[in-house]
Number of protein chains: 2
Amino acid sequence: MENVTIRMLAEKLQLSTATISKALNNSHEISEETRKRVQELAKELNYVPNPYASSLRKKSSKTIAVVIPEVADSFFAEAINGIEAVAKEKGYHVLIYLTHENSQQEQAILNDFQSGRVDGILISVTMETAASEHGLAHLSKELPIVFFDRVCEELPTARVTTNDKEAAFIATRHLIERGCRNIGLLAASQQLSIIRQRISGYEKALKEAGLPLSPNAVTYYTNDTVGNYKKVCETLRQHRFDGIIATTEKLATSVYEACETLGIRMPDELKVVGFSNLSTARFLQPSLTTVAQPAFEMGKTAATLLFRSLKNNHFPLAHQQVEIPSQLVIRQSTAV
Amino acid sequence: MENVTIRMLAEKLQLSTATISKALNNSHEISEETRKRVQELAKELNYVPNPYASSLRKKSSKTIAVVIPEVADSFFAEAINGIEAVAKEKGYHVLIYLTHENSQQEQAILNDFQSGRVDGILISVTMETAASEHGLAHLSKELPIVFFDRVCEELPTARVTTNDKEAAFIATRHLIERGCRNIGLLAASQQLSIIRQRISGYEKALKEAGLPLSPNAVTYYTNDTVGNYKKVCETLRQHRFDGIIATTEKLATSVYEACETLGIRMPDELKVVGFSNLSTARFLQPSLTTVAQPAFEMGKTAATLLFRSLKNNHFPLAHQQVEIPSQLVIRQSTAV
DNA sequence: TTGAAAGCGCTAACAA
DNA sequence: TTGTTAGCGCTTTCAA
């Protein structure tokens, strides 16, 4: 069986393709009767419109891109859930692109979007991304872009984050309240503004408690899991911290691994808070006190903003800076 | 700046659009010189081809669909990684669709693919999917489809699974060796062939050990996390199993939760093996003995098969039944 | 309320 | 080696 086209419907019904098109799109220019006739035949012949013909003509693809560093991370996985929920509701399709924390790859992906392949972009940038030299600024003039979680602060477009600074502040204060006096912070990257926010919240808490801000208490990591693990070991060995803030899920896991290797007992010798959405956090040994980010909500909100802008050109994306608070979930890794 | 098209290049260079098109596609019909001229101008003007025009004309979209029940599951997340790696290498785009274990939604998604939106499909079906009454059979005549993990055995197309039966056999035997005599199996669904495989491996191990096959030792679950948790509690309370095989990651987590609630001590009172790719399995309390599925490899293999078929129509997809073995990783949840 | 016609940007026969 | 031409399937003026 040939693919059914609008032309075939037109011939069968002795109507023009224009009429068919309008009827299928429920145009009110069309009489109720013909509309019904057309739609019935369409259903009967199992007509499915060719999306690419439509996209070509309308210059819109009903497709958005989600660009993220990785998918095997419960934050991003949940965020995708949120995005997908909204996209499905709006009848949009979701292209997914992984950057693997590599800004070159990210760049290449973004370049492709010049083509009109997608109507809008949801992105959480890599640890290496520096917005300035980034095609992102250019792209944002052609397409609506919404950042979620890992934003570029320099770019005047919508951003959905959690309350990174305050969450880190609260987490650090919690450690202090639990008796920690020498608290280290494991940072994912110098580049990321959300990490800078977290550091700043951490510093604020130390200052308020009158604790010194030792020079090497903040250490930085890359995308190299094995290298990171080694560096965590090194850091823990050198500094003899009594408290740790791990700013990513993977780093939190590395702390468990390092403690196992080094024979450091949590929480007695080291108390740990992790930024993490791990569903297993409560079953870890010891259960992990987490800064639980509203991943699903963030994805959903970001997508909602994007679709609002897609629906209405004049929607001021640049003014949308949504912050959704995280929750400190206290467990055994910070027990006294 | 207007969008640069092939026509604009043609005018600037005083050539025909046909020549431009061929030059850009590195056709050998074109002289080296004009090819260079064209490509240079293209680069200079930052020409980006319109993918939808090309798709419409060529009837191929350089896009594949990945249809999965959920993304917040380490198996599927890793599988996506594998798929994405191959897709990126081949220059394909990846549309992602979540069915949320709902075969109606799955159906709706699959229906859309009649449109030619994608060139091929990678799918892991829902717990409810019954292949027979399923549009899948119909679709598979129009598009190459590769199943991974959750396959439809009835459909004559490529399948990538792990050695479900044997892995379950080994896992069960392991429990028996560790002294279990009353082993329950938590099954995700009656419908899924991979679950039936796992059950059959489990039964085989019991039989070989001369253990009875008690009627309610296999319990079935749905997509309702809360409901499942309750049912797990109920099951554990009623049966007083000394060993459990959890056939999905989520069910394994539910066992931890249920044990906590019921005050059952793992591994003393209950030994547990979970089919799971949780990166935190080794840090759980107790660390979880897992059947670790080769998720990344399975995704990669499935994608590779799909692309092979895309490249070569005559590639006999139906004969590709790849099985990649899982690994039993023994940890404290099955300690004596 | 319907239809004729043009065209979205590209590719592929076929001709030159 | 290059160009002419037609057309992928749809939407959208504009005219009837």
Side-chain angles (χ1 to χ4, degrees), chain A residues 1-39 41-42 45-63 91 112-119 142, chain B residues 1-39 41-42 45-63 91 112-119 142:
Chain A
M1 190 179 80
E2 277 298 296
N3 249 336
V4 184
T5 71
I6 235 173
R7 257 248 295 284
M8 294 167 61
L9 299 182
E11 277 163 17
K12 289 234 182 202
L13 292 177
Q14 294 287 72
L15 288 169
S16 74
T17 59
T19 306
I20 304 290
S21 173
K22 287 173 192 161
L24 290 171
N25 291 302
N26 290 316
S27 163
H28 42 247
E29 304 181 357
I30 297 295
S31 76
E32 184 60 15
E33 202 208 312
T34 39
R35 219 204 57 202
K36 246 189 193 150
R37 283 212 304 149
V38 171
Q39 296 196 344
L41 183 67
L45 298 187
N46 192 24
Y47 165 77
V48 191
N50 180 318
Y52 297 135
S54 167
S55 292
L56 177 58
R57 178 65 229 236
K58 295 206 289 185
K59 296 189 167 310
S60 99
S61 59
K62 282 272 179 187
T63 303
D112 176 72
F113 298 152
Q114 305 251 352
S115 67
R117 186 182 299 277
V118 296
D119 297 344
E142 322 225 312
Chain B
M1 188 181 79
E2 278 297 297
N3 248 336
V4 185
T5 70
I6 237 174
R7 257 249 295 283
M8 293 167 62
L9 300 181
E11 277 164 18
K12 289 234 184 203
L13 292 178
Q14 296 285 73
L15 289 168
S16 75
T17 59
T19 306
I20 304 289
S21 173
K22 287 174 191 158
L24 290 171
N25 291 301
N26 291 315
S27 162
H28 42 246
E29 305 181 354
I30 296 295
S31 77
E32 184 60 17
E33 202 207 312
T34 41
R35 220 205 55 203
K36 247 190 193 148
R37 284 211 305 149
V38 172
Q39 296 198 344
L41 184 67
L45 299 186
N46 193 26
Y47 165 77
V48 191
N50 181 317
Y52 297 136
S54 168
S55 292
L56 177 58
R57 181 63 232 235
K58 294 205 292 187
K59 296 189 169 308
S60 100
S61 59
K62 282 269 179 191
T63 303
D112 176 74
F113 297 152
Q114 305 251 354
S115 67
R117 186 183 298 279
V118 296
D119 297 344
E142 323 224 311

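Both backbone and side-chain heavy atoms feed into the values below; hydrogens, waters and symmetry mates do not.
Looking at which nucleotide of DNA chain D each of B:Thr34 and A:Ser54 is closest to, the 5′-most match is held by B:Thr34.
In this entry the distance linking CZ of B:Arg7 with P of C:dG7 reads 9 Å, nearest Å. Computed from coordinates, the B:Tyr52 OH to C:dG9 C1' distance equals 14 Å when rounded to whole Å. Note: CG (A:Leu24) to C1' (C:dT2) measures 15 Å, nearest angstrom. Nucleotide D:dT1 holds its P atom 16 Å from the CD1 atom of B:Ile20, rounded to whole Å. Nucleotide C:dC10 holds its P atom 17 Å from the NZ atom of B:Lys62, rounded to whole Å. Between the C1' atom of D:dC8 and the CG atom of B:Leu56 lies a distance of 4 Å, rounded to the nearest Å. The interatomic distance linking A:Ile6 (CD1) with D:dG7 (P) rounds to 18 Å, in whole Å. One interatomic measurement links the two molecules: CG of B:Leu9 to P of D:dT2, which rounds to 15 Å at whole-angstrom precision.
Between the side chain of B:Ser55 and the main chain of B:Ser60, a donor-acceptor pair closer than 3.5 Å is present.
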Evaluation steps, side-chain contact (heavy atoms from CB on, under 4.5 Å), between B:Thr63 and A:Arg117
CA-CA 11 Å; B:Thr63 303; A:Arg117 186 182 299 277; 4.3 Å; yes
One pair to check against side-chain contact (heavy atoms from CB on, under 4.5 Å): B:Val38 and B:Leu13. What are the steps and the verdict?
CA-CA 8 Å; B:Val38 172; B:Leu13 292 178; 3.8 Å; yes
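For D:dG9, the OP1/OP2 oxygens have a side-chain nitrogen or oxygen of B:Lys59 closer than 4.0 Å. Between B:Asn50 and C:dC8 there is no side-chain polar atom (N or O) within less than 4.0 angstrom of OP1 or OP2. Between B:Ser31 and D:dT2, a side-chain N or O to OP1/OP2 separation shorter than 4.0 Å is present. For B:Tyr47, a side-chain nitrogen or oxygen approaches OP1 or OP2 of C:dC10 to under 4.0 Å.
The salt bridge (charged side-chain N to carboxylate O under 4.0 Å, His left out) test applied to A:Lys22 returns A:Glu29, not counting sequence neighbours. For A:Glu32, the salt bridge (charged side-chain N to carboxylate O under 4.0 Å, His left out) partners two or more places apart in sequence, or in a different chain, are A:Arg35. Residues forming a side chain to side chain donor-acceptor pair (under 3.5 Å) with B:Gln14 (at least two apart in sequence, or on another chain): none. Applying the side chain to side chain donor-acceptor pair (under 3.5 Å) rule to A:Ser61 yields the partners A:Asp119; only residues at least two apart in sequence or on another chain are considered.
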Taking only nitrogen or oxygen atoms into account, show me every contact under 3.5 Å that the protein makes with nucleotides 12-16 of chain C, one pair per line with its distance.
from: C:dA12; atom 1: O4'; to: B:Arg57; atom 2: NH2; distance (Å): 3.3

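Axis deviation across the helix from C:dT1-D:dA16 to C:dA16-D:dT1 amounts to 30°, comparing end segments of five pairs, rounded to 10 degrees.
Contact detail for B:Asn3 and A:Gln114: the closest heavy-atom pair is OD1-O, 4.3 Å.
Residue-level contact check: A:Gln14 touches the backbone only, with heavy atoms under 4.0 Å from sugar-phosphate atoms and none from bases.
Residue B:Ile20 holds its CD1 atom at 9.0 Å from OH of B:Tyr47, rounded to the nearest 0.5 Å.
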